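What you see is a predicted model; the values in this text were computed from it and never measured. Reckoned from all heavy atoms, side chains included, excluding hydrogens, waters and symmetry mates.
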Amino acid sequence: MFNLLKMDIRRLFKSRGFYIILGVASGLLILVTIMVHAIADPETMDAMEEQGAEVTASDRMMSEYLHNMSQLELMHEALGSGFLLVMTGIGMTLFVNGDFSSGFIKNICCIKPRRRDYVLSKIMLAGIYSGIITILSILLMLVTPVLLHMYPAPDSILQILQYALWMWLPHWAFSLMALALVLLTRSSTLGIILSLVAGSGLTAVLLGTLGRLLSWPPIEQYCLASVVKGVYTPQSGIIQVGIVLACTVGWMAIYGFGSLLTMEKRDI
């Protein structure tokens with residue numbers, strides 16, 4: 001398993017798709033920070049009003065809120081929307097699907113006992129992949145505002161590290177969904193579609209709407225998109241530690257077992 005993991009890590013850092021995902025994620029986060037900086041600047045509102053644009057009291061309140069955000073608040077505005085879930089899911093989908101399109105899977109899994117090692121190495125790789133994207137995104141959200149002369153109220157290093165941990169775990173679990181779907185379908189199509197749908201929170205919204213119609217308990221809170229959204233709130237800081245851990249372990253078990261079962265039962 002560890003030899004396969006080392007091989008996967010080398011392949012990952014040589015993969016063009018990996019750097020494309022990192023580039024797209026970085027570019028969008030920088031763009032979001034630039035937009036927040038523009039809206040949070042009181043002079044921008046004054047300039048818009050002078051040019052004849054209608055600036056309401058709610059617009060002023062939004063600008064003031066953005067202007068007074070702390071580092072974690074600004075970070076979570078960008079990262080808590082499910083954006084990183086989408087990037088992680090698509091990235092893992094493309095990487096694992098490459099094993100089938102290139103024939104790599106046949107070379108290392110033609111002997112049945114090695115199939116379990118293959119899945120376990122991919123589960124570990126998913127943790128590394130999601131960790132890299134999470135850490136890079138957090139670093140960008142710390143550095144980019146300073147480059148734009150935007151100085152949100154600082155948070156402690158411990159708070160930022162805690163935030164990174166609780167964000168990384170559900171992203172790791174989410175990336176295993178992509179692994180399971182590729183192993184099941186031998187295609188990247190379904191993995192990309194569900195990464196977009198589930199990562200953006202649409203699945204949680206649909207479950208919540210259906211649950212209210214049928215008087216179900218709020219099961220949508222256990223979707224990974226909802227877990228990520230609730231990792232941080234300005235009023236209480238890092239929250240829902242139990243839910244984050246329970247949902248991460250639960251979804252990892254479901255996707256991991258599904259991946260192992262798929263590999264054991266299907267021909268390569």
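- Closest approach of S175 to A126, counting heavy atoms only: OG-CB, 3.2 Å.
- Taking every heavy atom of both residues into account, M75 and I138 meet most closely at SD-CG2, 3.7 Å.
- The CD atom of Q71 sits 5.5 Å away from atom CG of D155, with the distance rounded to the nearest 0.5 Å.
- The CE atom of M177 sits 5.5 Å away from atom CG of L194, with the distance rounded to the nearest 0.5 Å.
- The shortest heavy-atom contact between A178 and G89 is CB-O, 3.4 Å.
- The shortest distance between side-chain heavy atoms of L136 and S26 falls below 4.5 Å.
- Under a hydrophobic clustering in which Ile, Leu, Val, Met, Phe, Trp and Tyr are joined whenever their side-chain heavy atoms come within less than 4.5 Å, directly or via other members, I160 and I135 fall into different clusters.
- A donor-acceptor pair is defined here as one N or O able to donate and one able to accept, closer than 3.5 Å; no such pair exists between the side chain of S226 and the backbone of Y222.
- Legend: side-chain hydrogen bond (donor to acceptor under 3.5 Å, both in side chains) pairs involving residues 10-22, not counting sequence neighbours, sorted by first then second residue: D8-R11, R11-D99.
- In terms of modelled atom types and a separation under 3.5 Å, the side chain of W172 and the main chain of I123 share a donor-acceptor contact.
- In this structure, A78 and S81 approach most closely via the heavy-atom pair O-OG, 3.5 Å.
- Counting all heavy atoms, side chain and backbone alike, P170 lies closest to T248 at N-OG1, 3.6 Å.
- Using modelled atom types, one side-chain atom of W168 and one backbone atom of G127 make a donor-acceptor pair closer than 3.5 Å.
- F174 places none of its side-chain heavy atoms less than 4.5 Å from the side chain of W251.
- In this structure, L29 and T33 approach most closely via the heavy-atom pair O-OG1, 2.8 Å.
- If you take NZ on K229 and SG on C223, they are separated by 12.5 Å, rounding to the nearest 0.5 Å.
- Residue I34 forms a side chain to side chain contact (heavy atoms under 4.5 Å, CB included) with just one option from V32, V36, I30, and that option is I30.
- Linking ILVMFWY side-chain heavy atoms closer than 4.5 Å, directly or via other members, places V24 and I90 in a single hydrophobic cluster.
- Side chain of T88 to main chain of L85: no donor-acceptor pair is present (N/O by atom type, distance under 3.5 Å, no hydrogens or angles).
- Under a hydrophobic clustering in which Ile, Leu, Val, Met, Phe, Trp and Tyr are joined whenever their side-chain heavy atoms come within less than 4.5 Å, directly or via other members, I20 and V86 fall into the same cluster.
- Hydrophobic clustering places I219 together with L210 (ILVMFWY residues linked when any side-chain heavy atoms are closer than 4.5 Å, directly or through intermediates).
- A heavy-atom distance below 4.5 Å is found between the side chains of I192 and L94.
- Enclosure of atom CD1 in I157 is not indicated, since only 12 or fewer non-hydrogen atoms of other residues, nucleotides or ligands lie within 6.0 angstrom.
- No donor-acceptor pair closer than 3.5 Å links the side chain of T144 to the backbone N or O of M141.
- No single ILVMFWY cluster, assembled from side-chain heavy atoms under 4.5 Å apart, contains both V197 and L224.
- Looking at heavy atoms from C-beta onward, Y255 lies out of side-chain contact with L179 at the 4.5 angstrom threshold.
- Using a 4.5 Å cut-off on side-chain heavy atoms (C-beta onward), L181 and T93 make no contact.
- Inter-residue side-chain proximity for E264 and R115 is flagged as met; some heavy-atom pair is nearer than 4.5 Å.
- Distance check: L120 CG to L4 CG gives 9.5 Å after rounding to the nearest 0.5 Å.
- L79 is not listed as a side-chain neighbour of V231, based on a closest heavy-atom distance of 4.5 Å or more.
- One N or O on the side chain of H171 and one on the backbone of M167 form a donor-acceptor pair closer than 3.5 Å.
- Taken to the nearest 0.5 Å, the CG atom of L190 stands 11.5 Å off from the CG atom of N97.
- Looking at heavy atoms from C-beta onward, F100 lies in side-chain contact with V182 at the 4.5 angstrom threshold.
- Rounding to the nearest 0.5 Å places CG of L28 at 10.5 Å from CE of M35.
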